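Dropping a structure here in structure tokens format, bear with me for questions.
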Amino acid sequence: MSAEATNPDARPEFRRRGRARLDLRRLGRAALLGPTSRDRLPDAIGHVAEAHRAHHPDADLSVLRRAYLLAETSHRGQMRKSGEPYITHPLAVTLILAELGAETTTLTASLLHDTVEDTEVTLDQVRAEFGDEVRFIVDGVTKVERIDYGAAAEPETFRKMLVATGNDVRVMSIKLADRLHNMRTLGVMRPEKQARIAKVTRDVLIPLAERLGVQALKTELEDLVFAILHPEEYERTRGLIAAHAGERDPLPAIADSVRAVLRESGIQAEVQIRPRHFVSVHRISLTRGELRGSDFGRLLVLVAENADCYGVLGELHTCFTPVVSEFKDFIAVPKFNLYQSLHTAIATPGGDVAEVIVRTRQMHRVAEAGVVALGNPYTFGEAAADADGDEERVDPTRPGWLSRLLDWQQSTPDPDAFWSSLRDELAQDREITVFRADGGGADGTISLPAGASCIDAAYAQYGEAAHGCIGARVNGRLTSLATPLADADTVQLLLAHDSTSGPAADWLDHARTPAARIAIGRWLQSHPAAVKAPTAPPRAPLPMVSLRPGGRNAVADLPDATVRLAGCCTPVPPDSVAGFVVRGGAVTVHRIACPAVEQMRSLGRTSVAVHWRATADCRVTLVAESFGRPHLLADLTEAIAHEGVEVISATVEAPIEQRVRHTYTLHLRDASALPGLMRAMRDVPGVYDVGRV
């Protein structure tokens, strides 16, 4: 029986972690020996240099030597809770990044990332010795002072890091590597502190690693968090993996068959078996129940060019039985975190099923290291100057989710609200991209979290001007603002010209992005009277009615009682109406056919005989039933405006069998114009009925 069968830690990925721990012990001993001669690198960063040169053969290592010497001197005498010299921590973080292929500036800042926070080194000193870029990154990962922020120190530190990441994603790369090493050595902490750190890692750091595409860090962080927060499930999964190690594994034989097929077809490819990490095994055990031998890993096929990926796919689907439902093309449509690969699954004649990932070697590097693998996309020294001569960092790779975070965090000064909104935003599983019908913006697209609605798109596109949004057209069809959007939808958002319009309270039920929720919440807080009728601006004067004594009612002596027209049925002349006394002595008037009339009577409300005094202005709600067609909403709105009627609010329901339902709340200066208005709306092509609500 192999070592892997008796000890899960003997698996390749765990052997790598074991080597990393041994390297750290050697680094600690080397660090205690102090600096070496000027003509060579200190032994303590020899591993870092070796890993760095593997990705960047021509890298200048002298700057790493200077950074290490400053860090070692500054941290000398400081110890970690594990008993190791503190310098082993920045060395370990730097080694993690070097193995991922980070460029020299990142590694330099990584070596120094705790110096400003924990030693006498200043940012000015870092700038003087290593330049503006290193100074910026070190400042970005430096925590805010707890003495200044108290309990808000953690959220404010993350806010600071996110803002810095918006200018340079290398800030978050270092933070992720820093958290990974801290999680690896978390066993020396008290259990309650372990749990607290693990929860923040789960809620914030792991989603950030996913969004930045750094899968190598994300998967190990997931396993470390899993072990701390769910020890029983972790041990059960550990047992499954240990048991599998002693059973027949069909993947090696399938890999050999795939190699033979590709060799015969003339495709140069490398076929690897990639074991699943603990959390991945746990997840599939929950969905598939009893696991098969091939469920514990996947095949990875690496080729040189994009076209080879599709060549491999064709051979696999020709020579094996493909599982069609498992096919996904992330090359033609990359994920929001830069990930590209072809995913498929094949079945062998013996009944084994293997998942297969096909990608180029460059795709593989990006899939593992994400933004770390992109090198240095910034031109800090060569940044274009604006009109005032100020330099601005421009990151052409900055993802949409990060732009959204940077936008809404400015509107959330409260640390608790920011922390809550950040976790909500990062809890979204994935991102979608929708196209603007007007083609505007940098690339004519809007990036949103999965599950976002037209409301979210409106605020992403227009900011607070979206308060006046009255509807949307998705893929050319009119729909309500609450409609969820799918990836690659085309969205046209319709804004009212009335600047007094505002969002409805129920928009919060359909808003997924913090930017939309914060903007809507702020508007509703500043317009408390609009919460019950959120889409309406300040009410126009209501039509007056005369009160006439009827039967034995309490109101014969109240001819000047306040009279309100019910919003549920919006009566207008010459509707037959009924009045009821409500709390405060006011009289509410309903149409006779309104269901509320029977409810009022059943509640024993005092009835009042009312009649229209004279024709006056009024508010009415109309429903237009129509067949869907382009420009229908615009034509209906034009017909209403031509009659001199003001649109207070409008909603468009999702189409059903090519039929669309529009609901308008309108303000008429003269109620007698209502029949003519309804006829004008019916005359719009495609509209087959108009009626009162």
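The model shown is predicted, which means the values in this text are computed figures rather than measured ones. When a residue number appears, it is its place in the shown sequence, counting from 1.
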Can you tell me how far the SG atom of C454 sits from the CG atom of L485, to the nearest 0.5 Å? 4.5 Å
Indicate yes or no: at least one non-hydrogen side-chain atom of M681 is less than 4.5 angstrom from one of L636.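 Answer yes - side chains close enough.
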When every non-hydrogen atom of F580 is compared with those of A578, the smallest separation belongs to CE1-CB, 4.1 Å
Step-by-step salt bridge (Lys or Arg N to Asp or Glu O under 4.0 Å) determination, E464 to R522: CA-CA 10 Å; E464 293 194 355; R522 286 169 54 184; 3.7 Å; yes
Looking only at heavy atoms, what is the nearest atom pair of R512 and A452, with distance?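 Looks like CG-CA, 3.9 Å.
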So, T201 and R179: side-chain donor and acceptor under 3.5 Å apart, yes or no? yes
Residue pair L448, T513: steps toward the side chain to side chain contact (heavy atoms under 4.5 Å, CB included) verdict: CA-CA 8 Å; L448 298 167; T513 59; 4.3 Å; yes
Mind running salt bridge (Lys or Arg N to Asp or Glu O under 4.0 Å) on E154 and R196 for me, showing each step along the way? CA-CA 12 Å; E154 186 169 41; R196 185 186 68 78; 3.7 Å; yes
With salt bridge (Lys or Arg N to Asp or Glu O under 4.0 Å) as the criterion, how do R283 and E222 come out once you've worked through the C-alpha distance, each side chain's angles and the decisive distance to 0.1 Å? CA-CA 12 Å; R283 286 171 180 159; E222 282 185 326; 3.0 Å; yes
Shortest non-hydrogen contact from V687 toward A624: CG1-CB, 4.5 Å
Is it the case that the side chain of S453 and the backbone of H510 share a donor-acceptor pair, with hydrogens and angles ignored and the cut-off at 3.5 Å?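 Here the side-chain-to-backbone pair exists.
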Kindly determine whether L208 and T165 satisfy side chain to side chain contact (heavy atoms under 4.5 Å, CB included), including the steps that lead there. CA-CA 11 Å; L208 285 171; T165 299; over 6 Å; no
Could you tell me how the ring of Y339 sits relative to the ring of F330: parallel (under 30°), tilted (30 to 60°) or perpendicular (over 60°)?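 Perpendicular.
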For a 4.5 angstrom cut-off between non-hydrogen side-chain atoms, does I446 reach R436? yes
Verify, without hydrogens or angle tests, whether R517 (side chain) and L508 (backbone) share a donor-acceptor contact under 3.5 angstrom.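 Yes, because the side chain of R517 sits within donor-acceptor range (under 3.5 Å) of the backbone of L508.
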Could you give the distance from NE2 (H590) to CD (Q599), rounded to the nearest 0.5 Å? 9.0 Å
Can any side-chain N or O of D489 pair as donor or acceptor with the backbone N or O of A486 at less than 3.5 Å? yes
Within the 4.5 Å heavy-atom criterion, are L674 and L666 side-chain neighbours or not?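 Side chain of L674 against side chain of L666, heavy atoms only: no contact under 4.5 Å found.
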Around K160, counting heavy atoms of other residues, nucleotides and ligands shown, do more than 12 lie under 6.0 Å from its NZ?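 More than 12 heavy atoms, drawn from other residues, nucleotides or ligands, come within 6.0 Å of this atom.
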Which value, rounded to the nearest 0.5 Å, describes the distance between E598 atom CD and M600 atom CE?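 That separation rounds to 12.0 Å.
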Do you know the tightest heavy-atom contact between P503 and L524?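 Minimum heavy-atom contact is O-CD2, 3.8 Å.
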Can you list the steps and then say if Y664 with I648 is a side chain to side chain contact (heavy atoms under 4.5 Å, CB included)? CA-CA 7 Å; Y664 293 90; I648 302 302; over 6 Å; no
Let's go through R423 and D203 carefully: what are the C-alpha distance in whole Å and the side-chain angles of both, what is the deciding distance for salt bridge (Lys or Arg N to Asp or Glu O under 4.0 Å) to 0.1 Å, and is it a yes or a no? CA-CA 6 Å; R423 293 179 184 223; D203 296 343; 2.8 Å; yes
Would you say K199 has more than 12 foreign heavy atoms packed within less than 6.0 Å of its NZ?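 Counting other residues, nucleotides and ligands, NZ of K199 stays at 12 neighbours or fewer.
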Decide yes or no for L622 and I640: does some side-chain heavy atom of the first lie under 4.5 Å from some side-chain heavy atom of the second? no
Any heavy-atom pair between the side chains of V279 and V225 that's under 4.5 Å? no
Just verifying a value: how many Å separate R682 CZ and E625 CD, rounded to the nearest 0.5 Å?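 Going from CZ on R682 over to CD on E625, the span is 11.5 Å.
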Rounded to the nearest 0.5 Å, what's the gap from CD on E653 to NE2 on H662? Could you check? 10.0 Å
Side chain to side chain contact (heavy atoms under 4.5 Å, CB included) evaluation trace for F327 with H343: CA-CA 5 Å; F327 173 67; H343 287 208; over 6 Å; no
Could you check if a side-chain atom of L493 sits within less than 4.5 angstrom of a side-chain atom of Y462, using non-hydrogen atoms only? yes
So, the side chain of D329 versus the backbone of A332: is there a donor-acceptor pair under 3.5 Å, distance only?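 Yes, because the side chain of D329 sits within donor-acceptor range (under 3.5 Å) of the backbone of A332.
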So T637 and L494, do their side chains get closer than 4.5 Å, heavy atoms only?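 Contact flag for L494/T637 side chains = no.
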Between T157 and V144 (side chain of the first, backbone of the second, donor and acceptor by atom type, cut-off under 3.5 Å), is there such a pair? yes
Can you see which heavy atom on L632 is nearest to which on P685, and at what distance? CD1-O, 3.7 Å
Closest non-hydrogen atom pair between L176 and L217, with its separation: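 Between these two residues, the closest heavy atoms are CB-CD1, 3.8 Å.
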Can a side-chain donor-acceptor contact be found between H467 and Y459 if the only test is distance below 3.5 angstrom?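 Judged by distance alone, the side chains do pair up.
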Does any non-hydrogen side-chain atom of C469 lie less than 4.5 Å from one of L481? yes
Nearest 0.5 angstrom please: L633 CG to Q492 CD, how far?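 Atom-to-atom, L633:CG and Q492:CD are 9.0 Å apart.
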Mark yes or no for whether N475, through its side chain, and T490, through its backbone, hold a donor-acceptor pair below 3.5 Å.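 Here the side-chain-to-backbone pair exists.
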Quick one: does H642's side chain have a donor or acceptor within less than 3.5 Å of a partner on E638's backbone?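 Answer holds: no.
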